[in-house]
Protein chains: 2
Amino acid sequence: MCDTKLMTQRDLATPTPSANDGRPADLRAEAFQGVRDARSRELAEDYVELIAELIHDHGEARPVEIAARLGVRPPTVTKALDRLAREGLITRAKYRSVFLTDEGRALARECRRRHEIVLRFLLSLGLDAETAERDAEGIEHHVSERTLALFAAYASKS
Amino acid sequence: MCDTKLMTQRDLATPTPSANDGRPADLRAEAFQGVRDARSRELAEDYVELIAELIHDHGEARPVEIAARLGVRPPTVTKALDRLAREGLITRAKYRSVFLTDEGRALARECRRRHEIVLRFLLSLGLDAETAERDAEGIEHHVSERTLALFAAYASKS
DNA sequence: TCTGATTGTTAGCATTGTCTAACTTTATGC
DNA sequence: GCATAAAGTTAGACAATGCTAACAATCAGA
Ligand SMILES: [Mn+2]
Ligand SMILES: [Mn+2]
Ligand SMILES: [Mn+2]
Ligand SMILES: [Mn+2]
C-alpha cells in the first residue's frame, strides 16, 4: 500500500553543506514572518485605499460600492468594516456610509502612494495596463520602502 | 456622542464622473479576486518550495526544519502538511519525513523559478541582499508570467 | 405617502492559519 | 537495552475571511 521508502528520523542526517549556510535560517524565518505580517495588513490597506477613493470620486463610500469593487458579498464587507472600526481606521453608523479616521486617511494616503509607484513602475517596464493593475494590487503590500524608492527612480528615469 | 454628520443614503449621489470610469469596476473586482486567489496559494507555494530545498540540501524534509525556517510552531506545520497531503502535493507517514508528489515537485520547480527571477531582478535594481530576499518572498506570489518575463529580461540585460 | 426595490445587517456556517498544552513516538547516548 | 532528549501529533482555542439565507432599514417613484 505504501510504496515510498519510509525513512527513519535522522537517516540521511549527513548535513550535506551545499549552498546557503551560515545563519540564513533565522533570516529566512524573519522574512517569512514579515510576509505574514504584510498579509495580515493587506485587507485593511485595500479597504481604506478604496474607501478614500470612493469618497474622493463619489462624495461618499457605501458598503454596496465597496463590495462591488472588491468583488465580495455585502456581509463580507460589513464584517470587514466592523474590524476596521475596531482598529480605529474608520467610523460608521448602522445603515450609513463610511468615514475614515485621521489614522485611516493617513494609511490610505500611504497605500495610494505605494500603489501608484508600483503601478507606474510596472507600466514603465513595458507591461500592459490591465496586467499592471492586477499585479500592482498584489505587489503593493509586499514592497519595502527601499524597493519603492528604486521603483520610483526607475519609473521617472525612463 | 456621534459628531460625524450622518449622511443619508444617496446624499451626495451626484456621480461626479471624475477620473476612472468606463467599466473598471468589474476589472478591479477581477484584480482583487485574483489577489485573493494568489493569497490562497501562497502557503502551499512556500511550503513546497522549502520542502524541495530541504530535500535537495539535506536529503530529507523534516517538520522541525520546516517549522524553524518558516518561523512557525510545529503544530502549525503538522496542520499545513495535512492540507498539502490532502491537496496531493506531498506524501507523508506519521512521524516520518515529507516527500513531494510529482505535482508537488512541479509546483516547487515553478515557485523556485519565480522566486529566483524576482530575487535576481531586485538585486539587479540595486537592492541590498537582505531586503531583496524579504521582498521577493512576498512579491513572488503576485507576479504574472508577463511581468516575470520583463523582470527576467531586465535582470539579464543589466 | 405608500410601497416596492435597494441597501445593509444579522445569524450561522466553513476554511485557513496560527498558537499552547499535553501527549506519543522516535532517536540518542551511556 | 534503557532512560532521557528530541521530534511529532493531537486537542482545543481563537481570529480572520469568505459565503448564503433571512431579516431590517432606507430610498425613490408613482
Ligand atoms: Mn492591494
Ligand atoms: Mn491598491
Ligand atoms: Mn514566498
Ligand atoms: Mn519563495
Side-chain angles (χ1 to χ4, degrees), chain A residues 6-14 29 32-47 50-51 54 58 60-87 89-90 92-99 138 141, chain B residues 6-15 29 32-47 50-51 54 58 60-87 89-90 92-99 141:
Chain A
L6 295 181
M7 317 182 90
T8 68
Q9 288 183 201
R10 299 291 77 201
D11 228 358
L12 308 174
T14 336
F32 281 118
Q33 183 57 59
V35 175
R36 284 193 296 274
D37 290 349
R39 198 164 48 211
S40 80
R41 275 179 266 112
E42 272 185 52
L43 207 91
E45 292 181 353
D46 284 336
Y47 268 83
L50 176 55
I51 289 166
L54 286 171
H58 295 75
E60 62 173 351
R62 315 258 1 163
V64 70
E65 263 315 287
I66 297 172
R69 311 238 173 175
L70 291 180
V72 297
R73 295 298 186 169
T76 300
V77 171
T78 297
K79 232 181 229 180
L81 292 178
D82 285 346
R83 280 195 298 272
L84 295 185
R86 177 155 42 82
E87 290 163 16
L89 294 169
I90 65 170
R92 62 196 306 247
K94 261 200 203 178
Y95 295 98
R96 299 235 141 73
S97 63
V98 180
F99 300 88
H141 311 282
Chain B
L6 295 182
M7 317 181 90
T8 69
Q9 290 182 195
R10 300 289 78 202
D11 228 358
L12 309 174
T14 335
F32 280 118
Q33 183 57 60
V35 175
R36 283 194 296 275
D37 290 348
R39 197 165 48 211
S40 79
R41 275 180 266 111
E42 273 185 51
L43 207 91
E45 292 180 354
D46 284 336
Y47 268 82
L50 176 54
I51 289 166
L54 287 171
H58 295 74
E60 61 174 352
R62 313 266 354 170
V64 70
E65 262 316 286
I66 298 172
R69 312 239 171 172
L70 291 179
V72 297
R73 294 299 186 168
T76 301
V77 171
T78 296
K79 233 182 227 178
L81 292 179
D82 285 346
R83 281 194 299 271
L84 296 184
R86 175 156 44 79
E87 290 164 16
L89 294 170
I90 65 169
R92 62 196 305 251
K94 261 199 199 176
Y95 297 99
R96 299 237 141 73
S97 64
V98 180
F99 300 88
H141 311 283

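In what follows, chains are A, B, ... by sequence order, proteins preceding strands, each numbered from 1.
- Across the helix from C:dT1-D:dA30 to C:dC30-D:dG1, the helix axis at one end is tilted relative to the axis at the other end by 10° (nearest 10 degrees, each axis from five pairs).
- Put simply, the side chain of A:D46 does not reach to within 4.5 Å of the side chain of B:R36, judged on heavy atoms.
- At whole-Å resolution of the value, CD in B:E42 and C1' in C:dT18 are 15 Å apart.
- The side chain of B:R39 contributes an N or O atom lying less than 4.0 Å from OP1 or OP2 of D:dG18.
- Contact record, A:R69 with B:F32: O-CD1, 3.3 Å, taken as the closest heavy-atom pair.
- Nearest heavy atom pair, residue A:S97 against residue A:A61, reads CB-O, 3.2 Å.
- The distance from atom CD of A:E45 to atom C1' of D:dA16 is 16 Å, rounded to the nearest whole Å.
- Residue A:Y47 holds its OH atom at 9.5 Å from CD1 of A:I90, rounded to the nearest 0.5 Å.
- Nearest-nucleotide mapping onto DNA chain D: of A:E87 and A:K94, the residue sitting toward the 5' end is A:E87.
- For the atom pair CG of B:L43 and CG of B:L70, the computed distance is 7.5 Å after rounding to the nearest 0.5 Å.
- For the contact set between residues 76-86 of chain B and DNA chain D, defined by any heavy atom under 4.0 Å, the members are B:T78, B:K79.
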Can you list, pair by pair, the side-chain donor-acceptor contacts under 3.5 Å of residues 78-86 of chain A, counting residues two or more places apart and other chains?
residue: A:T78; atom: OG1; partner: A:P74; partner atom: O; Å: 3.4
residue: A:D82; atom: OD1; partner: A:R92; partner atom: NH1; Å: 3.0

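- Rounded to whole angstrom, the span from the CZ atom of B:R96 across to the C1' atom of D:dA7 amounts to 13 Å.
- In plain terms, the two heavy atoms of B:P63 and B:R96 that are nearest each other are CD-O, 4.3 Å.
- Picking from D:dT10, D:dG8, C:dG8 the nucleotide with the shortest atom distance to the side chain of B:P63 gives D:dG8.
- Per the geometry, CD belonging to B:E65 stands 13 Å off C1' belonging to D:dA6, to the nearest Å.
- OP1 or OP2 of D:dG8 has at least one side-chain nitrogen or oxygen of B:R62 nearer than 4.0 Å.
- The nucleotide whose nearest atom lies closest to any side-chain atom of B:P75 is, among D:dA11, D:dT20, C:dG8, D:dA11.
- Atom pair A:R73:CZ and D:dT20:P shows a separation of 5 Å (rounding to whole Å applied).
- Atom P of nucleotide C:dG17 and atom CZ of A:R41 are separated by 18 Å, given to the nearest angstrom.
- Residue B:R36 places none of its side-chain N or O atoms closer than 4.0 Å to OP1 or OP2 of D:dC19.
- Of the listed nucleotides (D:dG18, D:dA24, C:dT25), D:dA24 has the atom at the smallest distance from the side chain of A:Y95.
- The nearest whole Å value for the distance from the CZ atom in B:R92 to the P atom in D:dA7 is 16 Å.
- Scanning both residues, A:G138 and B:V35, for their nearest heavy atoms gives N-CG2, 3.7 Å.
- In this structure, CD on A:E42 lies 5.0 Å from CZ on B:R39, to the nearest 0.5 angstrom.
- Remark: the B:H141 side chain and the B:E45 side chain contain an N/O donor-acceptor pair separated by less than 3.5 Å.
- Residue B:R69 contributes atom CZ, which lies 13 Å from atom P of D:dA7 at whole-angstrom precision.
- Side-chain atoms of A:V72 lie closest to D:dG18 of the nucleotides D:dT20, D:dT9, D:dG18.
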